There are 2 protein chains.
Amino acid sequence: MATIYEVAALAGVSPATVSRVLNGTRVAEDLAGRVRAAAEELDFTPSRTARSLRRRHSELIALVIPDIENPFFTALARGVEDTARAAGYSVVLCNTDEDTDRESTYLRIAAAEQMAGVILAPAGETSDLGSLAGRPVVAVDRSPHGHDIDTVTADSIGAGRAATAALLERGRTRIACITGPAGVDTSEDRAQGWRDAIEAATGRTPDPSLLRHADFRFDGGREEAGRLLRSLPRVDGIVVTNNLMGAGALAAVTAAPGSLSAEGIAIIGDLPYSALVPAGVAIVSLPARELGEEAARLLLARIGGDASPPRRVVLDGVASSLRAPIPG
Amino acid sequence: MATIYEVAALAGVSPATVSRVLNGTRVAEDLAGRVRAAAEELDFTPSRTARSLRRRHSELIALVIPDIENPFFTALARGVEDTARAAGYSVVLCNTDEDTDRESTYLRIAAAEQMAGVILAPAGETSDLGSLAGRPVVAVDRSPHGHDIDTVTADSIGAGRAATAALLERGRTRIACITGPAGVDTSEDRAQGWRDAIEAATGRTPDPSLLRHADFRFDGGREEAGRLLRSLPRVDGIVVTNNLMGAGALAAVTAAPGSLSAEGIAIIGDLPYSALVPAGVAIVSLPARELGEEAARLLLARIGGDASPPRRVVLDGVASSLRAPIPG
DNA sequence: CTTGCCCGGGAAATCGATTTCTGGCACGCT
DNA sequence: AGCGTGCCAGAAATCGATTTCCCGGGCAAG
């Protein structure tokens, strides 16, 4: 790997001039030409490490998410990656497994690596952003409690309302809700949307026993759905507030034939290969990829020096693809 | 962010001694104690950038894969991430979209960032590893043509045989195969397994028109399956050689009722939320996560200085979960 | 008692870029 | 003609750690 000194020597100029040519400062055309020729000749790629040390930040962005195997975060990561790459940044993937210790370890690493910025889907209610020492951060999907930072989220209340409305339109009257852990804002807000929709339709707050908290995972959704199916009086609709629990609920429904068909289920969040999802399920899409893109755009702006007050962007692209129930 | 000089000053020693304490070289206990206290006091985290510059490699590993939204690569990434993290390395995610230009861009970046090593799932038949300048590389999933490097793959021929055998056991006699692009080794090998199994069962090579090449993507699988379903003489089984095309084929089968049930489909590779996959499909699991773990282990060994000749590891954990056909 | 070796720690070089600082040259204004 | 004023490029400082290199002191062997 050639260094800037070898390029300088070959071109007969100083290293400073090589740097200037490569970074856009004005340099006489003949020198610049010699430098470019020399760089080409030696197949020179500047050491990003040395550059990062001097510039005090690298061209890396940390993407800290709870679970890379969840298609929601995968799509989000894709949005981040595409946007970052277009701006010349690479993305470091940090899987926290919903563990706040791992999260803060990764935030320390991001600082120690002098990464340009961090996009964080917080694992818990509170995140320790102290170790970042002022480096740009954008929160995505969930907003960390007690920090006034840029945030990009989906309209969870609206999504909850839309999912519930889809079941109400089908004439369902006793609609339960399986949501995530108490205290997590997406979990609470989606349940609030469910409550809102039912109040709007019936004029009464829903029976509190119809609200179930699980852990946002497949098994949790399956188990809670199983319990709801066995409970009396019978429910005729279930709103499930994320994709994994939704898949679990569908598994439960499929395993208990005759109880409640897929048409009684509404899911917030997308399942991969929608072609394989039982027909009739109501799906309220979340703009996962767009969340990632917008978060990356905000972060890139901060990296570029934008010092305006923190923004809270809410994407409401949720009104989308409801799968129609099977005709007849 | 405190520097090693501040720690040295506070502890009343030289920066060299601080470095020695933190990196394990023998230092008198009283000095070491003072250094540790000072580091604690200042919440000192060494700059990885400076360290990388001097050490000539960072604690980052590049994971170059074609598509982060494919659950196979997601699981693989998870395996890499877990193994790398346990050894103190972080993973940089590089999505190539099957584009060899993007692949070589990322390889250049890996070298410029002085990353510790690269795990590469090659996008095409040939990969340009030249820019890596001798940095450790491990190929995973596919083996790059013309490079003698460590490789970790699944037993594709065996997987092809197993998938075909599952359909033969169900009494299917005219079994087609939808595989990936010609020239890609996983694509060819899995088709070879299909051919082998049919020859073993019938004593004849299969009708060449039963072998279809698609692009390893959902739409390709759907379209080829659609064509096969309309072709005459009728096929009564289809082996599909990856997960995305498998999902596409299932979509085609579902959309054309009466043609061929899900029991006529065998898929190599896992679909997420198997609970949602139509019952009866034969699935031959690929050890995606284990591929990632093994690749990471091999790479870590190389980073650690292992200079033995390149190894080719073939994982055959494929014998796994066939979903039983619906009884009756 | 002297020579030599070992060991621990400080001073300084090093990694490779960027960025100030500085000097020389050309040009314009009075 | 003399004195700024820019502008361009080279010299050198800088980023923050690691790693030689070297020196002084302690201890063992001759």
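Naming convention: chains lettered A, B, ... in sequence-line order (proteins, then strands); numbering from 1 in each chain. Quantities reported herein were computed from a predicted structural model and do not represent experimental measurements.
- In this model, a donor atom of one side chain and an acceptor atom of the other lie less than 3.5 Å apart for Thr45(B) and Arg108(A).
- A straight line from CD1 of Ile4(B) to P of dG10(C) spans 12 Å, rounded to a whole angstrom.
- Using a 4.0 Å cut-off between charged side-chain N and carboxylate O, Arg289(B) and Glu293(B) make a salt bridge.
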Working for salt bridge (charged side-chain N to carboxylate O under 4.0 Å, His left out), residues Arg142(B) and Glu98(B): CA-CA 12 Å; Arg142(B) 305 176 190 166; Glu98(B) 302 276 2; 3.3 Å; yes
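- Rounded to whole Å, atom P of dC15(C) lies 11 Å from atom CD of Glu6(A).
- Taking the side chain of Phe44(A) as heavy atoms from C-beta on, and the options dG10(C), dA17(C), dT19(C), the nearest nucleotide is dA17(C).
- Among the heavy atoms of the strands lying under 4.0 Å from Val13(A) are primed sugar atoms or P, OP1, OP2 only; no base atom is included.
- At a threshold of 4.0 Å, the pair Asp67(B)-Arg217(B) does not count as salt-bridged, since none of the basic side-chain nitrogens sits closer than that to a carboxylate oxygen.
- Only Leu53(A), Arg54(A), Arg56(A), listed by number, bring a heavy atom of residues 45-60 of chain A to less than 4.0 angstrom from any atom of DNA chain D.
- Exactly one of Val313(B), Val152(B), Leu286(B) qualifies for a side chain to side chain contact (heavy atoms under 4.5 Å, CB included) with Leu291(B). That residue is Val152(B).
- With respect to the salt-bridge test (charged N to carboxylate O, under 4.0 angstrom), the residues Arg297(B) and Asp150(B) do not qualify.
- Put simply, the side chain of Leu53(B) does not reach to within 4.5 Å of the side chain of Arg51(A), judged on heavy atoms.
- Two residues are said to be in side-chain contact when any heavy atoms from C-beta on lie closer than 4.5 Å; Leu60(B) and Leu60(A) meet this criterion.
- We find that Asp97(A) and Arg85(B) are not joined by a salt bridge, their nearest charged nitrogen and carboxylate oxygen being 4.0 Å or further apart.
- When the local axes at the two ends of the helix from dC1(C)-dG30(D) to dT30(C)-dA1(D) are compared, using 5 base pairs at each end, they differ in direction by 50° after rounding to 10°.
- Taking 4.0 angstrom as the limit, Thr3(B) places none of its side-chain polar atoms (N or O) nearer than this to OP1 or OP2 of dG16(D).
- Each of Tyr5(A) and Ser14(A) was matched to the nucleotide of DNA chain D holding its nearest heavy atom; the match closer to the 5' end belongs to Ser14(A).
- By the 4.5 Å heavy-atom criterion applied to side chains, Arg312(B) and Ser143(B) are counted as neighbours.
- At a non-hydrogen distance threshold of 4.0 Å, Ser19(B), Arg20(B), Asn23(B) from residues 19-40 of chain B come into contact with DNA chain D.
- Neither side chain, Arg102(B) nor Thr96(B), offers a donor N or O lying under 3.5 Å from an acceptor on the other.
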